[in-house]
Amino acid sequence: MAEESQSVLQLPPSSAAGGEGLTDVSPETTTPEPPSSAAVSPGTEEPAGDTKKKIDILLKAVGDTPIMKTKKWAVERTRTIQGLIDFIKKFLKLVASEQLFIYVNQSFAPSPDQEVGTLYECFGSDGKLVLHYCKSQAWG
Amino acid sequence: MEEDEFIGEKTFQRYCAEFIKHSQQIGDSWEWRPSKDCSDGYMCKIHFQIKNGSVMSHLGASTHGQTCLPMEEAFELPLDDCEVIETAAASEVIKYEYHVLYSCSYQVPVLYFRASFLDGRPLTLKDIWEGVHECYKTRLLQGPWDTITQQEHPILGQPFFVLHPCKTNEFMTPVLKNSQKINKNVNYITSWLSIVGPVVGLNLPLSYAKATSQDERNVN
């Protein structure tokens, strides 16, 4: 992704940033074609547990954000929030000008480099981590 | 279309007080600074970072919720004795300041920030931008805010960079409405800062998210 090198940070209108929206910026993130990525797999066949590599995540839409047909996912513990955001954006086919936020406890946005495994330890219950996601428009 | 969520100034101050209370519990060094006539005020946090990109001590920015010693203590040591300074000899230390003020015109909180070297030289916005983590740059370019501008701090009268508040309601409203559906007490400041903070290099430890739940059980 080309870096902006302006001296005054006047953010470009959303149309200008359109082509770069889905660039993979996290080194941990593979670029999955949803939903075939091994790091994020649908279904409940993997029981969540402390020693398991993957944790169960239940994704819930907020506001007028599209609802994912598959809501429950087994995700590797080391997957970051940014990686999950990228995955959901691709899955929902959001355009580059739309941003997605993920929340724990319905109100707190973890840092993009936070690992889901850590979030599961802190906020998981009943064997799963509930995350809310919300779409936002970027306005020019 | 959902009705926008605004907060009044008293509510803002109450949320800030709760936020600072938790900050004190975890050693995150946020403070409340009243204005001269004490009619209003703002929240403030200072942290130090080495310019070469590695963080010496990230006050309150640990994503694993660890409590760090305030950086000010390390800087009180004589330079010769400080091992950390030794490894950072070729780099420069930058002081970041984050202020959370209330905007009467927009009826939302606003994030003011600035950075300077220890000798007082201010960083340009370009310098600050270069210090922002790559994944946050993407968010900044795509997020629901259109500009960072430089403005005079309403209370201090000094130039600060400001994340423009005009879109704040648009990304806060869906989240608040959703939480209210289950009667969840949400600290607006915590929620808002968790979203806008990383954009300018400010991360909140996860324990703030849990603090909200605890406050529910200790209703004032």
List the atom of A:Asn105, the atom of B:Ala209, and the distance in Å for their closest heavy-atom pair. ND2-O, 3.0 Å
Do B:Ile195 and A:Tyr103 have side chains that get closer than 4.5 Å, going by heavy atoms? yes
How close do A:Val62 and B:Pro174 get, heavy atom to heavy atom, and via which atoms? CG1-O, 3.3 Å
Would you indicate whether B:Asp119, at its atom CG, is surrounded by more than 12 heavy atoms from other residues, nucleotides or ligands within a distance under 6.0 Å? yes
Considering non-hydrogen atoms only, spot the tightest contact between A:Gln106 and B:Asn178 and give its length. NE2-ND2, 2.9 Å
Which bit of A:Cys122 is near chain B, if near means a heavy-atom gap under 4.5 Å: side chain, backbone, both or neither? both
Atom NZ of B:Lys177 and atom SG of A:Cys134: how far apart are they, to the nearest 0.5 Å? 13.5 Å
Quick check: do B:Val186 and A:Phe108 have side-chain heavy atoms less than 4.5 Å from each other? no
Looking at side-chain heavy atoms only, is the closest gap between A:Pro112 and B:Pro198 below 4.5 Å? yes
Taking the side chain as every heavy atom from C-beta outward, state whether B:Leu206 and A:Phe123 have any atom pair closer than 4.5 Å. yes
Check: A:Ser107 main-chain N/O paired with B:Ser179 side-chain donor or acceptor under 3.5 Å: no
